[in-house]
Amino acid sequence: MLKLQICLFSLLGGTDDFDSREYNVLEPPLGLMALLTYINQEFGESVHGGIYKSRIDFDSYEELLQLVKEFKPDMIGVRAMTFYKGFFHDSIDYLRKHGIEVPIIVGGLYPTASYADVLEDKNIDLAVVAEGEITLKEILTKTIANNKTFPGHEVLREIPGVAFYGQESTDSRESRLRILSADASEELPKAP
């Protein structure tokens with residue numbers, strides 16, 4: 001039996017941000033806890049997940065990097081509110097610049113509303129633009145079936161609720177051309 005590790009974290013802003021206690025109250029980790037509970041129910045021992053939240057589990061890019069390195073995930077999921085999009089991109093960039101190469105899947109209010117803008121960030125592999133539970137379950141199912149390897153774009157096209165840029169090469173962070181897959185319930189416009 002394959003065991004896939006996933007690391008989910010929510011970003012609220014770094015320690016240098018202004019006082020944002022109201023946003024901390026509005027963005028509790030319950031959504032990620034519900035998501036991980038659903039995944040545990042669906043996959044049992046096949047998936048081991050972890051949840052980390054800024055200002056609770058980490059207060060700096062260095063602490064986030066250390067958490068990710070200790071957990072050693074096979075894939076990372078990130079949820080961010082629109083208000084924190086700068087911190088969101090900076091955090092992911094920091095992870096990539098410090099050797100974290102596993103697939104990064106993003107969701108939440110910012111990626112859902114601005115998936116084309118989000119995908120301009122070459123550090124991001126996939127944006128979830130629909131209900132996260134079912135979409136993540138499909139991504140994990142395809143990853144487990146692919147011997148714990150993140151599936152290629154031809155397989156990802158089959159999953160409703162995702163958006164990503166196409167590629168000419170095998171490196172998903174180079175030669176990004178166009179959105180290949182979107183929520184089956186609506187046609188999303190192609191990114192410029």
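Side chains are part of it too, since the values below use all heavy atoms of this structure and drop only hydrogens, waters and symmetry mates.
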Problem set entry | Least distance between heavy atoms, K137 atom then Y38 atom |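 Shortest heavy-atom separation between K137 and Y38 comes out as CD-OH, 3.4 Å.
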Exercise. Where is the tightest heavy-atom contact between P151 and N146, given as atom of each residue plus distance?
Worked result: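 Result for this residue pair: CA-ND2, 3.8 Å.
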For this session: Determine, using the 4.5 Å side-chain heavy-atom cutoff (strictly less than), whether I144 and V155 are members of one ILVMFWY cluster.
Result: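 No: no chain of side-chain contacts under 4.5 Å links I144 to V155.
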Exercise. CD1 of I51 to CG of L36: how many Å apart, nearest 0.5 Å?
Worked result: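 Rounded to the nearest 0.5 Å, the CD1-CG separation comes out at 4.5 Å.
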Exercise. Can you find a side-chain donor-acceptor pair between E70 and Q66 that sits under 3.5 Å?
Worked result: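 Yes, side-chain donor-acceptor contact under 3.5 Å.
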Problem set entry | Evaluation steps, side-chain contact (heavy atoms from CB on, under 4.5 Å), between T143 and T149 | CA-CA 5 Å; T143 301; T149 302; 5.9 Å; no
For this session: State, yes or no, whether a side-chain contact exists between I76 and P103 at a heavy-atom distance under 4.5 Å.
Result: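 Of all side-chain heavy-atom pairs linking P103 with I76, none is under 4.5 Å.
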For this session: Check D57 against L67 and note the closest heavy-atom contact, atom names and distance.
Result: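 Scanning both residues completely, I find the closest heavy atoms to be O-CD1, 3.7 Å.
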Exercise. Nearest heavy-atom pair of I159 and K142: which atoms, and what distance?
Worked result: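 I159 and K142 have their closest heavy atoms at CD1-CG, 3.9 Å.
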For this session: Find out if a path of hydrophobic residues (ILVMFWY) with successive side-chain heavy-atom gaps under 4.5 Å connects F58 to F71.
Result: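 Result: yes, single cluster for both.
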For this session: Check whether any side-chain heavy atom of F43 sits under 4.5 Å from a side-chain heavy atom of H48, and report yes or no.
Result: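 Of all side-chain heavy-atom pairs linking H48 with F43, none is under 4.5 Å.
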Problem set entry | ring pair (Phe, Tyr, Trp, His ring centres under 6.0 Å) partners for Y61, two or more places apart |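 Y61 satisfies ring pair (Phe, Tyr, Trp, His ring centres under 6.0 Å) with F87, Y94 only.
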Exercise. Rounded to the nearest 0.5 Å, what separation is found between the NZ atom of K72 and the CD1 atom of I100?
Worked result: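 That separation rounds to 11.0 Å.
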Problem set entry | D90/R96 under salt bridge (Lys or Arg N to Asp or Glu O under 4.0 Å): CA gap, chis, key distance, verdict | CA-CA 10 Å; D90 291 346; R96 291 292 192 211; over 6 Å; no
Problem set entry | Test side-chain contact (heavy atoms from CB on, under 4.5 Å) applied to V128 and V106, step by step | CA-CA 6 Å; V128 175; V106 299; over 6 Å; no
For this session: Measure the spacing between CG of D93 and CG of N123 and express it to the nearest 0.5 Å.
Result: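 Output value for this atom pair is 5.0 Å.
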Problem set entry | Reported CG-to-CD1 distance for the pair L136 and I105, which is rounded to 0.5 angstrom |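 These two atoms lie 6.0 Å from each other.
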For this session: Any chance you could lay out the side-chain contact (heavy atoms from CB on, under 4.5 Å) test for L156 and F150, step after step, and finish with the verdict?
Result: CA-CA 9 Å; L156 291 173; F150 197 66; 3.9 Å; yes
For this session: Starting at CG of L95, measure out to CD of E101 and round the result to the nearest 0.5 Å.
Result: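 Separation between the atoms: 10.5 Å.
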For this session: Would you give the length of the straight line joining atom OG1 of T141 to atom CD of E138, rounded to the nearest 0.5 angstrom?
Result: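 Separation between the atoms: 5.5 Å.
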Exercise. V102 and D125: which non-hydrogen atoms are nearest, and at how many Å?
Worked result: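 What the structure gives for the nearest pair is O-OD2, 4.0 Å.
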Exercise. So, the side chain of S60 versus the backbone of E63: is there a donor-acceptor pair under 3.5 Å, distance only?
Worked result: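 Answer holds: yes.
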Problem set entry | F88 vs R79, side-chain contact (heavy atoms from CB on, under 4.5 Å): CA-CA, chis, key distance, verdict | CA-CA 9 Å; F88 166 84; R79 185 172 196 273; over 6 Å; no
Exercise. Going by heavy atoms in the side chains, are L119 and I124 under 4.5 Å from each other?
Worked result: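 Yes. Closest side-chain heavy atoms under 4.5 Å.
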Exercise. Is there a side-chain contact between M75 and L140, using heavy atoms and a 4.5 Å cut-off?
Worked result: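 A side-chain contact under 4.5 Å exists here.
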Problem set entry | Heavy-atom pair of closest approach, residues Y115 and A163 |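 Scanning both residues completely, I find the closest heavy atoms to be CD1-CB, 3.8 Å.
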